[in-house]
Amino acid sequence: MPSSNRPKRPCVSSLSTILCLTFSSIFVIRDGSAEASGMTPEERREQRKKEEALHASSLRVPRRPLWNAGMSVEELDTNERQAFLIWRRSLARLEENENLVLTPFEKNVDIWRQLWRVLERSDLLVMVVDARDPLFYRCPDLEAYAQEIDEHKRTLLLVNKADLLPFTVRERWAKYFRDNGILFLFWSAKAASAALEGKKLTGLWEKENASQKSDNDDTKIYGRDELLVRLQHEAEAIIIARKGSGLSPTHTLSGSSAGNSASKHVVVGFVGYPNVGKSSTINALVGSKRTGVTSTPGKTKHFQTLIISDELTLCDCPGLVFPSFSSSRYEMIASGVLPVDRMTEHREAVQVVANRVPRHVIESVYNITLPKPKPYEPQSRPPLAVELLRVYCSSRGYVGSSGLPDETRAARQILKDYIDGRLPHFEMPPGMSNDDDGVLDIAQSISSAADELDSSDSEGEPEVEDSSTSNLEHVLDDLDSFDINNGLTSTKTAASKTKPATASHKHHKKPQRRKDRSWRVGNDGGDGMPVARVFQKTANMGPLRAQ
């Protein structure tokens, strides 16, 4: 067949070029303009902040629609579900934006109904937050919603777990709250509950807080009786202001304390994220266990009304995850908002802990040595989650069934230590630069506190065990020497008694047989060919006969 009539085959190089161009165009279309333009992480962060400021007005708490006592139950339920569906659609549009990251907020309308009831019944709204990162747990739009219901209703920021903060950090947060006009109180539900039981907790900052204790209402940690008096005072001030204006709040239930301004009876509502200590606070104020407390968030399902006295009533709302920007699901797990035992990606959550807790603090608390950064890496980088998990598993002996390090178990333990405060950490107020002298002092105090915690963990029981063991050894040595001197036992028997006993777990191991590997050919400097060794046995010629 002549070459001119043969069909022309496409060149392989041209096909590869077309495929590369096609995949590159798809990559540009999918990744967007940010990746195509080669933006740095700082530029992406700035762009995200601009997007968050642009859509901040759309990120709101769902409002309850207008209602009156003449509505039927079916009509009220329909209106609430329709308003909630519209709110869900508005947030779904925000989730489609690639430059925005939303928290996994509560999507159950029944839980939000509990919040609506608590807001309407309460004169004073108490928002419980974690002292280590108060702004993460604060919802400004909820405060605005309370003002929409009643212009005289106020919101108090109850900064729980304040005993996990040093005194200097509390001073800076108090100054930030005062400058921004936020009503706040420092509180520790765990310490108050221990005081009711007659116990005393010794935290990391106990010495510093005791040495710098002051009577300033802004920086001191309130006790149970002081907090009840303060809540009563703030709620009565709201009723007096409402009575002086002559206005009554809208959407108020008939017969509630808000509608009856002549009565001194007040209702204080408690709201906040799950696992920030709302139920523990309620139990400490009531003086008995009235609400369920657990480390798993979301224990409370319905709001509860608890009568403290004839003049004060507390109203506990279920924990709610409010919609917010600039946080991921892993940060929610590390913050205790989402359950630790249900996480699937443990390395990402542990990386959040490694980024927030300094390297030397982790090493001091766990008594481990983390791998140093490589010479080509930044020497100040935080440890990787893989490094922390593997070193922790090696030090604790966490091994899975496959023989590999049990990283899931180690991650759960590290995250629980982070949430409970064993790993000291906290966030500073906005606007405080790292060049401030106070930051260096706080970093040094963290190191000293971690060293004290490590020394307290390493001392104690091991010393008792060593002293008892040494005393027992002295007694046995004296008995053995007495028996030998009096001829009651031989020296060989005494030596066998003094032989240290092996570990108990070794008795259960099956003794391994030593395999005979003498048949293997060693490196005798030959050419590598196997050598056959022949052992000749002398022949048995029978008995020798004399000739």
Side-chain angles (χ1 to χ4, degrees), residues 34-35 38-49 101 132-133 136 164-166 168-169 172 204-205 208 326-328 330-331 333-335 345-396 398 404-408 410-419 421-455 457-458:
E35 294 290 342
M39 298 178 63
T40 61
E42 290 76 10
E43 293 176 350
R44 293 196 196 98
R45 196 176 299 111
E46 292 295 332
Q47 184 179 3
R48 179 175 296 178
K49 289 182 179 179
V101 179
R132 293 169 291 184
D133 193 2
F136 176 80
L164 300 179
L165 293 182
T168 53
V169 178
R172 284 164 173 77
L204 294 175
W205 318 104
E208 181 181 356
S326 66
S327 66
S328 62
Y330 312 116
E331 292 180 355
I333 295 174
S335 301
E345 300 292 337
H346 56 273
R347 288 187 178 179
E348 287 76 2
V350 173
Q351 189 61 50
V352 176
V353 177
N355 294 337
R356 294 182 179 179
V357 182
R359 177 189 293 267
H360 63 276
V361 174
I362 297 176
E363 294 178 343
S364 301
V365 171
Y366 290 137
N367 195 17
I368 58 178
T369 302
L370 296 173
K372 302 298 181 183
K374 300 294 188 299
Y376 54 84
E377 295 178 343
Q379 298 301 311
S380 60
R381 71 164 178 83
L384 300 179
V386 180
E387 299 173 348
L388 175 56
L389 290 174
R390 290 185 178 178
V391 173
Y392 187 87
C393 290
S394 177
S395 63
R396 272 34 176 197
Y398 290 170
L404 299 176
D406 193 354
E407 295 186 0
T408 303
R412 290 174 180 173
Q413 187 61 45
I414 292 173
L415 289 170
K416 289 179 181 179
D417 292 342
Y418 179 83
I419 295 171
R422 179 177 172 82
L423 291 174
H425 70 281
F426 44 79
E427 296 293 330
M428 299 302 296
M432 186 174 182
S433 62
N434 296 331
D435 299 334
D436 195 352
D437 296 336
V439 176
L440 299 178
D441 298 338
I442 294 168
Q444 294 177 359
S445 61
I446 289 179
S447 302
S448 60
D451 294 338
E452 291 179 2
L453 181 61
D454 179 57
S455 61
D457 291 343
S458 60

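All residue numbers in this chain count up from 1 along the given sequence.
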[atom1]/[X] to [atom2]/[Y] distance, rounded to the nearest 0.5 angstrom?
| X | Y | atom1 | atom2 | result |
| --- | --- | --- | --- | --- |
| L388 | I362 | CG | CD1 | 5.5 Å |
| L384 | N355 | CG | CG | 9.0 Å |
| T369 | E363 | OG1 | CD | 5.5 Å |
| E348 | E331 | CD | CD | 12.5 Å |

Could you check whether any side-chain N or O of [X] sits under 3.5 Å from a backbone N or O of [Y], counting only pairs where one atom can act as donor and the other as acceptor?
| X | Y | value |
| --- | --- | --- |
| H425 | L423 | yes |
| R347 | A411 | no |
| E407 | V386 | no |
| Q379 | K374 | yes |
| R359 | K372 | no |

Using every non-hydrogen atom in the two residues, find where [X] and [Y] come nearest and quote the distance to one decimal.
| X | Y | result |
| --- | --- | --- |
| Y418 | R356 | OH-CD, 2.9 Å |
| V357 | P424 | CG1-O, 4.2 Å |
| P378 | P373 | O-CB, 3.7 Å |
| G421 | L164 | CA-CD1, 4.2 Å |
| A334 | I419 | O-CG1, 3.4 Å |
| P371 | V391 | CD-CG2, 3.8 Å |

Taking the side chain as everything from C-beta on, heavy atoms only, tell me whether [X] gets closer than 4.5 Å to [Y].
| X | Y | result |
| --- | --- | --- |
| I368 | R396 | yes |
| S395 | N367 | no |
| P405 | L389 | no |

Item to complete: Using the test side-chain contact (heavy atoms from CB on, under 4.5 Å), find all partners of Q413 that sit at least two apart in sequence or belong to another chain.
Response: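 Q413 satisfies side-chain contact (heavy atoms from CB on, under 4.5 Å) with Y392, D417 only.
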
